[in-house]
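Here is the structure we will look at.
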Amino acid sequence: MSICVYVLSVRFTSCIAFFNILNELNDYAGQREVVAEEMGHRVYGELMRYSHDLKTERKMHLQEGRKAQQYLDMCWKQMDNSKKKFERECREAEKAQQSYERLDNDTNATKADVEKAKQQLNLRTHMADENKNEYAAQLQNFNGEQHKHYYIVIPQIYKQLQEMDERRTIKLSECYRGFADSERKVIPIISKCLEGMILAAKSVDEHRDSQLVIDCFKSGFEPPGDFPFEDYSQNIYRTISDGTISTPKQEGMRIDSKTTVGKAKGKLWLFGKKPKGPALEDFSHLPPEQRRKKLQQRIDELNRELQKETDQKDALIKMKDVYEKNPQMGDPSSLQPKLAETMSNMDRLRMEIHKNEAWLSEVEGKVAARSDRRHSSDINHLVTQGRESPEGSYTDDANQEGRGPPQQHAHPNEFDDEFEDDDPLPAIGHCKAIYPFDGHNEGTLAMKEGEILYIIEEDKGDGWTRARRQNGEEGYVPTSYIDVTLEKNSKGS
């Protein structure tokens, strides 16, 4: 009976249409896989690589901006120092002039004192003039660098950032177009697949399917005939006349009718419960992927049970050792049956695990072989024969192996929107330690006498300068403990 039902299921027009639809869905899924691979290579992968390049370029532009700002701050610092020094020398010159005038007007002052005050005045005046010239030169230099910073350097950096963003926008539009092109290439093939599904749906013939069921399950026996009349009055009227209505009993017909009913009843299992076949131990009745998952799940459960039995065996052995050392706590021989049962369970579980692992290896070998065959086949085999695609023609083998999932492509780390990383500051000069410094406080940098350090940030007026060793260690050192040499001709690089 089960063979008959299987043959019927193959001959049903609805089943044939379902098989055809599955084949079309297989081709349809293949085209979606083509789109996914195209997106992974041309769109997603390209975007990830381009975003990494953009991040590097933007960090470079921001680094240039920071260097330009540090150089401008250094120029301002030098100009401000020369200004303060010029102001200090002017005050000293004024004091010398007042002292000279006081001594010159003092009648009690000697000529030597007046001459000495005059020489001091001339010296202070000369130093004030030199500081004035230096201040004027530093001011002129600072004004020039400031004009260059705000009208040339910074606008150029912003222009480069703007051009970079415009290139990013163009790249996005190209990726959008690439996605649309990937979809457009498979639209003709997908349309053919959908047309095939519609034709398969139209090929369903309900009258033919019903007739197949009738032809398969009909008994072939004629319906039982009418029961004859049985005359029980023959014992009363013993005379037999020609007009009697009695007829001989048709025992054979009655038996045949019962037999017919019995046989027909045996055919009516369709209205009862169809017996189910037992599930196979190795899950060979399941598809490969489901079978692999079931076997892996069973192996995990068996491993957990084996671990429990192992723990129980260890506990029993420890308890037996305790009983042997302390007989008053229990009899060690009483644990022997339980220990033997646990060992037997462990052996049974190991055998089960070994058997299931063998089945699992067999399934994984088949899946791997099928995956290799699939990846070695040409991509044009994703569609049926007679259809044209942008890549060419392809096969119509309905029994081709199922396609595996697309390979995962490695890609760089996810794009980080935070560009302001803690990159090391560029060196703007160097210094030499005049005195040793312990640097016990947090944020300070210990140094030895005569050690050479890089200057990455000047003293802001608080008496501390930020420095860095060659190994990258940074911290603050006392400005009065070091001899600073700044690189005036380079922009802090």
Side-chain angles (χ1 to χ4, degrees), residues 42-84 135-180 411-431 443 453-462 464-468 472 474-476 484-493:
R42 291 187 54 189
V43 180
Y44 177 73
E46 186 66 22
L47 274 179
M48 293 304 298
R49 288 190 295 269
Y50 192 72
S51 63
H52 180 72
D53 296 339
L54 281 181
K55 179 180 178 181
T56 304
E57 183 179 355
R58 185 175 180 184
K59 288 173 65 175
M60 180 185 67
H61 294 325
L62 295 178
Q63 185 74 13
E64 291 178 356
R66 284 194 292 267
K67 289 181 179 179
Q69 186 63 43
Q70 290 177 357
Y71 179 70
L72 184 64
D73 293 341
M74 183 185 68
C75 293
W76 179 86
K77 185 72 173 179
Q78 292 176 353
M79 184 271 295
D80 188 63
N81 290 336
S82 62
K83 177 183 177 181
K84 292 179 179 179
Y135 168 59
Q138 292 292 341
L139 180 62
Q140 183 179 2
N141 179 56
F142 173 74
N143 290 333
E145 292 295 335
Q146 181 175 250
H147 183 274
K148 181 180 177 181
H149 178 81
Y150 287 106
Y151 289 93
I152 298 177
V153 178
I154 295 300
Q156 183 67 23
I157 293 176
Y158 281 129
K159 183 180 180 181
Q160 292 174 352
L161 291 172
Q162 181 180 357
E163 293 175 352
M164 182 192 68
D165 191 74
E166 291 175 355
R167 293 196 307 271
R168 179 188 64 84
T169 307
I170 294 174
K171 191 65 177 180
L172 284 177
S173 66
E174 292 177 355
C175 292
Y176 298 155
R177 188 162 53 251
F179 168 73
H411 53 80
N413 294 332
E414 186 178 357
F415 183 74
D416 188 4
D417 290 333
E418 183 61 41
F419 289 96
E420 293 295 335
D421 297 334
D422 293 330
D423 293 332
L425 295 175
I428 60 176
H430 63 276
C431 66
L453 303 175
Y454 293 110
I455 300 298
I456 58 176
E457 186 177 336
E458 286 191 85
D459 185 3
K460 300 299 183 180
D462 54 358
W464 294 91
T465 301
R466 191 174 180 182
R468 179 173 62 227
E474 297 181 0
Y476 288 92
V484 179
T485 301
L486 297 179
E487 299 177 0
K488 300 180 180 181
N489 296 328
S490 62
K491 296 183 178 181
S493 59

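Note that the numbering runs from 1 along the sequence shown for the chain.
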(request) Mind checking side chain to side chain contact (heavy atoms under 4.5 Å, CB included) for D165 and listing every partner two or more places apart, or none if nothing turns up? (result) R168, T169
(message) Looking at every non-hydrogen atom in both residues, tell me the closest pair between A68 and V153 and how far apart they are.
(response) CB-CG1, 3.7 Å
(request) To the nearest 0.5 angstrom, please state how far the NZ atom of K59 sits from the CD atom of Q63. (result) 9.0 Å
(request) Please name all residues satisfying salt bridge (charged side-chain N to carboxylate O under 4.0 Å, His left out) with E457, sequence neighbours left out, ordered by chain then number. (result) R466
(request) Quick one: list whatever passes salt bridge (charged side-chain N to carboxylate O under 4.0 Å, His left out) with K460, sequence neighbours left out. (result) none
(request) Could you tell me the separation between the NE2 atom of H61 and the CD atom of Q156, rounded to the nearest 0.5 Å? (result) 9.5 Å
(message) For Y454, is the OH atom crowded, meaning more than 12 foreign heavy atoms sit under 6.0 Å from it?
(response) no
(request) Grab the two heavy atoms, one from G178 and one from V43, that are nearest each other, plus how far apart they are. (result) C-CG2, 4.4 Å
(message) Distance check, rounded to the nearest 0.5 Å: N81 atom CG versus E458 atom CD?
(response) 8.0 Å
(message) Could you measure the distance from the OH atom of Y135 to the CG atom of D80? Nearest 0.5 Å is fine.
(response) 8.5 Å
(message) For a quick test of reading the model, state the closest non-hydrogen atom pair linking L72 to Q146 and the distance between them.
(response) CD1-CA, 3.6 Å
(request) Give a yes or no on whether a salt bridge exists between R49 and E46, defined as a side-chain N under 4.0 angstrom from a carboxylate O. (result) yes
(message) Quick check for you: to the nearest 0.5 Å, what is the distance between T485 atom OG1 and I455 atom CD1?
(response) 9.0 Å
(request) State the CG-CD1 distance between L62 and I157, to the nearest 0.5 angstrom. (result) 8.5 Å
(request) Taking K77 for its side chain and D459 for its backbone only, find out whether a donor-acceptor pair lies under 3.5 Å. (result) yes
(request) Please report the shortest heavy-atom distance between C75 and N141, naming the atom on each side. (result) SG-ND2, 4.3 Å
(request) Quick one: closest heavy-atom pair of A427 and R468, and the distance? (result) N-NH2, 4.1 Å
(request) Could you tell me whether K83 atom NZ has more than 12 heavy atoms of other residues or ligands within 6.0 Å of it? (result) no
(message) So, using side-chain hydrogen bond (donor to acceptor under 3.5 Å, both in side chains) as the criterion, who are the partners of R167 when residues are at least two apart?
(response) E57
(message) The criterion is side-chain hydrogen bond (donor to acceptor under 3.5 Å, both in side chains); which residues satisfy it with D73, sequence neighbours excluded?
(response) Q69
(request) May I have all residue pairs that pass ring-ring contact (aromatic ring centres under 6.0 Å, His included) and include part of residues 149-177, sequence neighbours excluded? (result) H147-Y151
